[in-house]
Amino acid sequence: MTSVQVEEHHDGHDGNGVVHGSSGEGEGYQRGLGARQIQMIAIGGAIGTGLFLGAGKAIHKAGPSLILAYAIAGLVIFFIMRALGELLMYRPVSGSFSEYAREFMGPFFGFVTGWTYWLFWVVTGITEVTAAAQYMQYWTHDSFPQWAYALVFTVILYGANLISVKLFGELEFWFSMVKVTAIIGMILICIGILTIGFSDAGDTASVAHLWNQGGFFPNGIGSTLMTLQIVMFAFLAVELVGVTAGESKDPKTVLPKAINTVPWRIAVFYVGALIMILSVVPWTSFKPGVSPFVAAFEEMGLGVGAAIVNFVVLTAALSSCNSGMYSTGRMLRDLAMNGQGPKFFTKLTKNGLPLIGTTASAAFMLVGVWINYQWPGEAFNYVVSFATISGMWAWIMILACQIRYRRKADRGELPQSTFRAPGAPYTSWFALLFIGMVIVMMGVDKDARISLYAAPVWAAILTVSYLVLKSRNPQAAAFTKQKVGASGGVSSGDSLSKD
């Protein structure tokens, strides 16, 4: 069969029409993200409201054993990121998850992954702008309506994303810097209390709190397992560094360095912070819905810390919404470039920005403004449940694609990546099994079960949409099986699913 070019946005093709590699310039994007920004985007992706707020509920459920849950989940996240890194060094492209799913799993999986990741960030954007609006009430005490804050934040972040990718990178850099500084400051304060003994908690602070308040597993191992969904939610968006591949100045150097920082990021910002907090303040002092950082400052008698943490959590929410604005436009354009979305999403501004895709996504995020107007008290809970399951789909696809890529690379059918995942494919299979266990735990938890009810509905919508689009143009490259050339190019032909 004569090969035809499937992905016109790659950086080149040979005389037979097989596409090779990719680059930001080839996709029309500008490589405006430097090493400093990529590193902080990678760090910021692992620190969000899941840690600053969600950890309160998790501590209440699991006690000190939550530290172990974060450590194990963090190891799984590292396996996922190294799998992603192997794929990125094989072929760095913007919209990487759907690209790899399309190449290694087939066009249908590329379609599902692209649209699901887009939905994930739209829902996350609504969630985070809602959270940001609620945090503002700490200072204004309902003198300014919550929905108005949601509108203002959405418009500001939308405008920032239309100026340049460099501005996006700068915003993420400083958002992440605030979060990192706050956590490091908290750890240093706790170390000072444990060693010097200042503040109201100085006389009672002790690492013995980790096992003296009912043991390390005070509510049993089962309760610890039930917190895994909260833990995994906290790590959602760590894969965002993959979406930046097409706009990184030096992806072959910068991305591996960013991914390799995952272990120490998790060790410091999650495990380290929790060890310090739970050593200074007994786990029984924390309650669901209250930030453990705020609660810890109050127990220490450092009331000003509550205002500081509220500001930090506000920046965390805005950072996540900013990331959503960035990624959704790229995912829509990637789908459109491959014929699996409206073609007008392919257009870029002179600055190399996906204007129409970003605008459409921001318009959907404005639904959050309406939700905040209608139900200001329940807005956050109304939109948060679907984020975890849709976000984990991207992780599943990353792992599945890496397994198939490694198998083909080892057979000599594809070039070997310069950044091989250690222990793969066994580590990838372990991560997949772990994610499967988390999904089972979500089914057991009545509060999280709603997200599993919504998933089949979304899957049915995507399946019908895909079949309709395919029926209109069954011979289109976007809906035909593909094969990969020895240089990493994609062409229509045999299915990649045949191993």
Side-chain angles (χ1 to χ4, degrees), residues 48-49 95 114-137 140 142-165 167-168 171-172 175 236-237 240 243 313-336 341-342 344-349 351 353-388 390-391 450-451 454 457-458 461-462 465:
T49 52
W115 283 106
T116 299
Y117 198 65
W118 171 81
L119 179 68
F120 160 68
W121 273 114
V122 168
V123 173
T124 299
I126 293 174
T127 302
E128 299 295 358
V129 80
T130 297
Q134 291 177 346
Y135 302 148
M136 289 301 296
Q137 300 300 325
T140 58
D142 298 325
S143 62
F144 197 68
Q146 184 173 309
W147 67 266
Y149 280 124
L151 177 61
V152 169
F153 288 141
T154 302
V155 172
I156 290 175
L157 294 177
Y158 166 68
N161 271 269
L162 292 187
I163 296 175
S164 71
V165 68
L167 178 58
F168 160 78
L171 282 174
E172 281 305 290
F175 280 149
L236 289 175
L240 180 66
V243 182
V313 177
L314 173 63
T315 63
L318 294 177
S319 171
S320 182
C321 189
N322 187 42
S323 297
M325 290 281 188
Y326 171 85
S327 59
T328 49
R330 273 83 183 160
M331 296 307 296
L332 287 179
R333 183 170 187 261
D334 178 74
L335 287 162
F344 52 76
F345 285 137
T346 62
K347 296 180 180 179
L348 295 175
T349 66
N351 291 333
L353 300 173
L355 170 63
I356 299 178
T358 302
T359 301
S361 301
F364 276 97
M365 289 182 188
L366 286 176
V367 172
V369 176
W370 178 75
I371 293 175
N372 276 274
Y373 176 76
Q374 290 289 336
W375 306 284
E378 297 80 23
F380 188 84
N381 294 328
Y382 280 178
V383 294
V384 74
S385 62
F386 193 68
T388 302
S390 58
I450 186 173
S451 62
V457 176
W458 176 244
I461 293 172
L462 290 179
S465 300

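Computed from heavy atoms alone, side chains included, the values below leave out hydrogens, waters and symmetry copies. Just so it is clear, the model here is predicted, and its values are computed rather than measured.
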Query - Pairwise side-chain contact, Tyr149 with Val129, heavy-atom cut-off 4.5 Å (strictly under) - result: no
Query raised in the report: Only one of Thr328, Val123, Val122, Leu119 clears side chain to side chain contact (heavy atoms under 4.5 Å, CB included) with Phe364; which?
Result: Val122
Requested in this report: To the nearest 0.5 angstrom, please state how far the CG atom of Leu462 sits from the OG1 atom of Thr116.
Outcome: 5.0 Å
Query raised in the report: What pair of heavy atoms forms the shortest contact from Gly341 to Trp115, and how long is it?
Result: CA-CZ2, 4.2 Å
Requested in this report: Check whether any side-chain heavy atom of Phe153 lies under 4.5 Å from a side-chain heavy atom of Glu128, and answer yes or no.
Outcome: no
Query raised in the report: How about Leu236 and Thr124: do any of their side-chain heavy atoms sit closer than 4.5 Å?
Result: no
Requested in this report: Give, for atom CG of Leu157 and atom OG1 of Thr358, the distance between the pair rounded to the nearest 0.5 Å.
Outcome: 12.0 Å
Query raised in the report: Is Lys347 close to Leu355 at the side-chain level, that is, under 4.5 Å between some pair of heavy atoms?
Result: no
Report summary line: Heavy-atom nearest pair, Ala336 first then Thr346, reads CB-CG2, 3.4 Å
Query raised in the report: Heavy atoms, side chains only, cut-off 4.5 Å: are Leu366 and Leu151 in contact?
Result: yes
Report summary line: Value for CZ (Phe345) from CG (Leu335), rounded to nearest 0.5 Å, stands at 9.5 Å
Query raised in the report: Looking only at heavy atoms, what is the nearest atom pair of Pro354 and Arg333, with distance?
Result: CB-CD, 4.3 Å
Requested in this report: Hey, could you give me the CG/CD1 distance between Leu332 and Ile356, rounded to the nearest 0.5 Å?
Outcome: 10.5 Å
